Amino acid sequence: MQILHVSAECYPAAKVGGLGDVAGALPKYLNRAGATASLVMPHYYNKFYHDHSWNNVAEGAFKLGAVEYKYKIRKEATDALGFELFITEIEGLLNEELPYGYENDLQRHLGFQICVVDWLSNRQERPDVVHCHDHPTGLIPFMMNYGNSYHHLKEIKTVFTIHSAQYQGQIGMDKINLLPAFDEWKRGMLEWNNNINPMACAIKCCWRFTTVSPGYLVELRQNALGIEKLIRDEQQKSQGILNGIDADVWNPEMDTWIETTYNVATVNDGKSVNKKSLCYSFKLNHELPLVAFIGRLVGEKGGDLLADSIRQTVIRQNRGVNFLVLGSGVNEYENALNALKSDLPDNFNCYIGYHEKLAHLMYAGADFLLMPSRVEPCGLNQLYAMRYGTVPIVRSTGGLKDTVTDIAEKDGFGIRFEQITVAAIDVAVERALTLYHDKQSMSGVKEKIMKFDHSWDHAAEVYMELYRSMQ
């Protein structure tokens, strides 16, 4: 079975969040499960592109409205990611370094999708399944089904995965002329609430759609920023499949980015060495419990509450706990954290930005990982943390609720809280510190969570079953 994934991100070629991690791992694990999986993504002028060799595999042209663009499909020469990686080079359109954040994102995303469909249309050997990820790929199933020039693609099975319904890619109906000519009777498949909504369109047009955890699918049926009724109406073709992690990349026994490697048997000594290195770098006392936050500083992740909750907890704990934050996002939240460094110089520090190596060291060196998310479709960070023996402190939502059982419950191993408030975070951290000071229990929890298998092996098999079920 041949599966072509389509994504705007793919680690390590380009990553903004969890989508990049998923896209960079799932095809590899599908190949291990017996499929022939590959991925196509936009071309970005970044370090990965310049560090790798590329072979031309196709050329063509398409129109974005009245403007014609020439494109090249290029393949990474060595299959370094464990699968075939293709990029779309579009002259005059895809010239940037990052996946998002530019004034012409609309044209970039549309051009990428049209380019992919045009390439598929002209390929002699076509995939059995085209698997699209999030709204920058959401119009592909529509074009494959109803594009006037692409009727021969209609029988290719399509899967669409919702990684985050917070971003649906809505554009005005006045942009409809940018799409390739299509069956006008199907105009309604594009429209949702008087806009072109790529995510809603994908749900309508694909053969199956998935979310990145069962819990997130349940939540989206009730609250999905306007498309919850559509998700309920189409629920017969929906499935929640919990993401996995790439156990080759996230492995404390083999990780070259941490101070010292370790396993379940050596977790206490290994984490102690990494914690000392981490705390030394950020001028924190390694003898105090260390709570880390790694992620985007946005409202969905609770970034607006971080500075106040850290301040309150440190003061309430008589400065007996340290916090370390890695992330970037809303300037207001970044500024609040930077200001907190001078207010709590002995108990808090942060790195504003993205730093993959530091993230690995923080998972290895921290005692706890805090995830006060308002929305968390799956959450990979808590899975990475557990792989490294770091206890998760999470709000009960989406995939966090699916993957973390509170220590007060039978066979529990983490800290969960319900409310998204400073007070609730403070209480949760206080419970974590109680666990920390019970050395025997803390050691037992670390050993337990390191034994969990959250790799992509299981999820890949579930996806294979999904692909096979489409007839």
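Not measured: the values here are computed from a predicted model.
- Note: Asp105 CG to Ile171 CD1 = 12.0 Å, rounded to the nearest 0.5 Å.
- Put simply, the side chain of Asn31 gets close to the backbone of Gly82: a donor and an acceptor are under 3.5 Å apart.
- Residues Ser213 and Lys401 bring no donor and acceptor atom of their side chains to less than 3.5 Å of each other.
- Atoms NE2 and CG, on His458 and Asp453 in that order, are 9.5 Å from each other to the nearest 0.5 Å.
- Atom CD of Gln235 has more than 12 neighbouring heavy atoms from other residues, nucleotides or ligands inside a 6.0 Å radius.
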Item to complete: Test side chain to side chain contact (heavy atoms under 4.5 Å, CB included) on Ile196 and Met173 and set out the steps.
Response: CA-CA 6 Å; Ile196 296 173; Met173 291 300 293; 3.4 Å; yes
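- Legend: side-chain hydrogen bond (donor to acceptor under 3.5 Å, both in side chains) pairs involving residues 180-206, not counting sequence neighbours, sorted by first then second residue: Gln168-Asn197.
- With rounding to the nearest 0.5 Å, the separation of CE in Met450 from CZ in Arg387 is 7.5 Å.
- Ile156 CD1 to Leu4 CG: the interatomic distance, rounded to the nearest 0.5 Å, is 9.0 Å.
- Taking the six-membered ring where tryptophan is involved, the planes of Tyr150 and His152 are tilted, since the angle between them lies from 30° to 60°.
- Surrounding NE2 of His151 are more than 12 heavy atoms belonging to other residues, nucleotides or ligands, all under 6.0 Å away.
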Worksheet item: Given the rule in the side chain to side chain contact (heavy atoms under 4.5 Å, CB included) test, do Leu85 and Phe48 qualify, once you have shown the distances and angles that lead to the verdict?
Response: CA-CA 12 Å; Leu85 175 66; Phe48 183 90; 3.9 Å; yes
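- Atoms OG1 and CE, on Thr403 and Met386 in that order, are 5.0 Å from each other to the nearest 0.5 Å.
- Taking 4.5 Å as the limit, some side-chain heavy atom of Leu30 sits within range of a side-chain heavy atom of His5.
- Taking a 6.0 Å sphere around CE of Met254, one finds it holds 12 or fewer heavy atoms contributed by other residues, nucleotides or ligands.
- Every residue two or more places apart in sequence or in another chain that forms a side chain to side chain contact (heavy atoms under 4.5 Å, CB included) with Asp255 is listed here: Trp257, Ile258, His360, Tyr388.
- For the 3.5 Å distance criterion, the side chains of Asn381 and Tyr363 qualify, holding a donor opposite an acceptor.
- In this structure, Tyr463 and Trp456 have tilted ring planes: the angle between them lies in the 30° to 60° band.
- Listed for the Ser396 side chain is no donor-acceptor partner under 3.5 Å among the backbone atoms of Arg416.
- With sequence neighbours left out, His131 forms a side-chain hydrogen bond (donor to acceptor under 3.5 Å, both in side chains) with Thr161, Tyr467.
- Shown here are the salt bridge (charged side-chain N to carboxylate O under 4.0 Å, His left out) partners of Arg126, two or more places apart in sequence or in another chain: there are none.
- Between the side chain of Thr137 and the backbone N or O of His133 there is at least one donor-acceptor pair closer than 3.5 Å.
- Counting only distance, with no hydrogens or angles, the side chain of Gln113 and the backbone of Leu139 share a donor-acceptor pair below 3.5 Å.
- Nearest heavy-atom pair, Pro42 versus Leu94, reported as atom, atom and distance to 0.1 Å: CB-CD1, 3.8 Å.
- For Glu125, the side chain to side chain contact (heavy atoms under 4.5 Å, CB included) criterion is met by Gln2, not counting sequence neighbours.
- The two residues Asn46 and Ala13 come nearest to each other via the heavy atoms ND2-O, 2.8 Å.
- Counting only residues at least two apart or in different chains, salt bridge (Lys or Arg N to Asp or Glu O under 4.0 Å) contacts with residues 34-56 comprise Lys47-Asp51.
- The salt bridge (Lys or Arg N to Asp or Glu O under 4.0 Å) analysis of residues 12-32, with sequence neighbours excluded, yields the pairs Lys15-Asp21, Lys15-Glu356, Lys28-Asp246, Lys28-Asp248, Arg32-Asp248.
- Under the 3.5 Å distance criterion, the side-chain polar atoms of Arg108 are matched with a main-chain donor or acceptor of Pro99.
- Screening residues 370-380 for side-chain hydrogen bond (donor to acceptor under 3.5 Å, both in side chains), with sequence neighbours left out, gives Lys301-Glu376, Asp304-Arg374, Ser373-Glu376.
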Just distance, no hydrogens or angles: give the donor-acceptor pairs under 3.5 Å from side chains in residues 220-230, sequence neighbours left out.
from	atom 1	to	atom 2	distance (Å)
Glu228	OE1	Ala224	N	2.8
Glu228	OE1	Gly226	N	3.1
Lys229	NZ	Asp233	OD2	2.8

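- Within the structure, salt bridge (Lys or Arg N to Asp or Glu O under 4.0 Å) contacts touching residues 73-88 (residues at least two apart or in different chains) are Arg74-Glu89, Lys75-Asp79.
- Open room surrounds CD on Glu103; 12 or fewer heavy atoms of other groups in view lie less than 6.0 Å from it.
- Met143 places none of its side-chain heavy atoms less than 4.5 Å from the side chain of Leu153.
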Worksheet item: Is there a side chain to side chain contact (heavy atoms under 4.5 Å, CB included) between Thr390 and Lys271 once you walk through the steps?
Response: CA-CA 9 Å; Thr390 297; Lys271 286 189 68 67; 2.7 Å; yes
Discussion item. What verdict does the side chain to side chain contact (heavy atoms under 4.5 Å, CB included) test give for Ile407 and Arg431, after you've listed the backbone C-alpha separation in whole Å, the side-chain angles of each residue and the deciding distance to 0.1 Å?
Written reply: CA-CA 10 Å; Ile407 55 172; Arg431 292 183 63 214; 3.7 Å; yes
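- To the nearest 0.5 Å, atoms CG (Leu358) and OH (Tyr351) are separated by 7.5 Å.
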Fill in: Derivation of the side-chain hydrogen bond (donor to acceptor under 3.5 Å, both in side chains) call for Tyr167 and Glu300
CA-CA 11 Å; Tyr167 309 97; Glu300 299 98 282; 2.5 Å; yes
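- Under a cut-off of 6.0 angstrom, the local environment of NZ in Lys70 is sparse, with at most 12 non-hydrogen atoms contributed by other residues, nucleotides or ligands.
- Annotation: side chain of Pro12 is in contact with side chain of Leu81 (closest heavy-atom distance under 4.5 Å).
- In the model, Ser121 has no side-chain atom that pairs as donor or acceptor with a side-chain atom of Asp118 under 3.5 Å.
- Formation of a donor-acceptor pair under 3.5 Å by the Asn177 side chain with backbone atoms of Gly65 is not found in this model.
- For Ser53, there are no side-chain hydrogen bond (donor to acceptor under 3.5 Å, both in side chains) partners, not counting sequence neighbours.
- The minimum heavy-atom distance linking Cys205 with Thr158 is given by the pair O-OG1, 4.1 Å.
- The distance between the ring centers of Trp119 and Phe86 falls below 6.0 angstrom.
- Minimum heavy-atom separation, Ala23 to Ser7: CB-OG, 3.7 Å.
- Residue Val404 comes nearest to Ile415 through the heavy atom pair CG1-N, 4.4 Å, listed as atom of the first residue, atom of the second, then distance.
- In this structure Thr397 satisfies the side-chain hydrogen bond (donor to acceptor under 3.5 Å, both in side chains) test together with Glu219, sequence neighbours excluded.
- Scanning all heavy atoms of the two residues, the minimum distance from Ile3 to Ala35 falls at CD1-CB, 3.5 Å.
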